[in-house]
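Report on the following structure.
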Amino acid sequence: MSNSTATKTAITPRRDEDFPEWYQQVIRAAELAEPSDVRGCMVIRPWGYGIWENMQRQLDGMFRATGHRNAYFPLFIPLSYFAKEAEHVEGFAKECAVVTHTRLEVDENGRMKPASPLTEPLVVRPTSETIIGASYAKWVQSYRDLPILINQWANVVRWEMRPRLFLRTTEFLWQEGHTVHETETEARAETRLILDLYERFVRDHLAVPVFTGAKSESEKFPGAVETLTLEAMVQDRKAIQAGTSHFLGQNFARASGIQFQNREGKQEFGWTTSWGMTTRLVGTLVMMHGDDDGLVLPPRIAPTQIVILPIAPKEQARAAVLEACDKVAERLGKTRYVGVPIEVLVDRRDLGGGVKNWEWIKKGVPLRIEIGPRDLEKNSVELSRRDQPVKSKDSMPMEEFVARAPEILTSIQDALYARAKKFRDANTRVINSKKDFYDFFTPKNPAKPEIHGGFALARWNGSREIEDQIKNDLKVTIRAIPLDDSSEQGQCIFSGEASARRVIWAKSY
RNA sequence: CGGGCUGUGGCUCAGCUUGGUAGAGCGCCUGGUUCGGGACCAGGAGGCCGUGGGUUCAAAUCCCACCAGCCCGACCA
């Protein structure tokens, strides 16, 4: 009893008690998003949307720097377009929202009902390869028109059976890049370029370490020749896909008629790619860095990086304290951190006690500053880093703090990455026998599985049957086939057959 | 779409078995004391009990249907 307050966490349950429930509670407590009345759809609140806007701004800059430009294509895709690529339709058929009518009429019971059926139904885009392909087919005549390097920021709809906030919602936001190239080599290079760009983005901005690689045949994008992926490990040791980059070969060019006259004067199909990152990354951040007191945001992605909390116990002191807070805020706002002005907020709301402080803890603000009468006397500030225990607090001369703020933010950013990487590496195993593999992925308490498993690096013979078997037995799948060609021959741990390489296995989101 | 569970103020839930037209905690509002670690006291607002039908003098409570949500499976960024 005596230490019950000492061990109290802001989020109930704790991660080790019930991870999925913890995840939902963090999203609620941090005011990132909430479920809406529309099944499977969510309302993204300002704090959550602010994170997404930062991702957009940062990624967009990277796309531009590599020669890509933004455009916008229709939300509705004629069914006939969509159906052009066989594997593609098959892959998405079960989760398409379809618009069949163009207006509402009042029926005999006074209820609204759809009327005026469309001759050709429209699919609400689950992805835009086919509708964009239709435009590209018109734009591409000659090899001189290539490459086409376009990105679109959009919403898409995939009618999922089991939605979860950010991780899997019926409607979600993303960017989708769609490019056309003259040669296979160029298109493959583009796929790799984007994979590397994504990896840099999640590492440097989100403090998320990933393994990259190719998807197996069964896991790749419907219609793609090759799907490259970034796989992160979150704190329940499951894998989450942080982004994908697809080499589409000539499949979609053939389906959409993207043809050009090549340097030899012959008609040839273009080589296309597509790649995307989604609002799922917000959920990834929660599960990657969050703790039992709520969200923990890497400084580079936080909508507010520093919050200043005025402490004014006595009425007489208030004006002076607020003035000091504003002054610090103003100076910080003129200070640059990774090239942009620091986002500071003075929380002057009239809320008592630690309530305010806890609110910002739960929201994951990287740095909290307290300024009170005692600080005014000493000309100092109290600072708390979100990457450190919530109760720890340091005092620092005001001048020094203002000067060192960017450096402190950098140090938080680095600490989060280091912690995440350490966690992943500690839960990544080289596994050399089927028994060890099954042990690794089997919880000790099957009735209420504890957090277990992780990433297993194990040899595989390349067969679909083995994949299906493992998925069936353990719900474990191949997350990535590493690209680095350090091919030491060995034996598949499941079949004993020849195996060219180790692949990464895990349970996944 | 199959199996299980659940729908009662903003949130979490009690009440239902043994019908008699609503309660708690948290949150919210007002006033005061507080404020350097989730404060306290006093007062107050807010619910046609998921929807429709049935049984009954009377339904949150019993019966039927529907709808929605959660968990498990199949699918997925």
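Computed from heavy atoms alone, side chains included, the values below leave out hydrogens, waters and symmetry copies. Every chain is numbered from 1, with letters handed out A, B, ... down the list of sequences. Here the structure is a predicted model, which means the values were calculated and not measured.
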* Structure fact -> The residue among A:Trp153, A:Trp174, A:Phe166 that forms ring pair (Phe, Tyr, Trp, His ring centres under 6.0 Å) with A:Trp52 is A:Trp153

* May I ask you to say what A:Val156 touches in the nucleic acid, namely base, sugar-phosphate or nothing, with a heavy-atom cut-off under 4.0 Å? => nothing

* To do: Determine the contact category for A:Glu359: base if any of its heavy atoms lies under 4.0 Å from a base atom, sugar-phosphate if only primed atoms, P, OP1 or OP2 are that close, otherwise nothing.
  => nothing

* Structure fact -> Out of B:G36, B:G38, B:U12, minimum distance to the side chain of A:Arg28 belongs to B:U12

* Under 4.0 Å between a side-chain N or O of A:Lys475 and OP1 or OP2 of B:G73? -> yes

* **Spacing of the P atoms in B:G25 and B:C40 (rounded, Å)** => 13 Å

* Under 4.0 angstrom, heavy atoms only, what part of the nucleic acid is A:Ser508 near: base, sugar-phosphate, or nothing? -> nothing

* Asked: Between atom NZ in A:Lys362 and atom P in B:G38, what is the gap in whole Å?
  -> 13 Å

* Any salt bridge between A:Arg374 and A:Glu382, counting N to O under 4.0 Å? -> no

* Asked: Which part of the nucleic acid does A:Glu370 contact within heavy-atom distance under 4.0 Å: base, sugar-phosphate only, or nothing?
  -> base

* Asked: What is the distance from NE2 of A:His88 to C1' of B:A77, rounded to the nearest Å?
  -> 14 Å

* Does the ring of A:Phe401 carry A:Arg331 above it, NZ/CZ under 6.0 angstrom from centre and within 45° of its axis? -> no

* Asked: Expressed in angstrom and rounded to an integer, what is the separation of A:Lys238 atom NZ from B:A77 atom P?
  -> 16 Å

* Structure fact -> Separation of B:G38 atom P from A:Lys363 atom NZ, nearest Å, is 20 Å

* Select base, sugar-phosphate, or nothing to describe what A:Pro35 touches, counting heavy atoms under 4.0 Å on all strands. => nothing

* To do: Report which part of the nucleic acid A:Gly276 touches: base, sugar-phosphate, or nothing (heavy-atom distance under 4.0 Å, all strands).
  => nothing

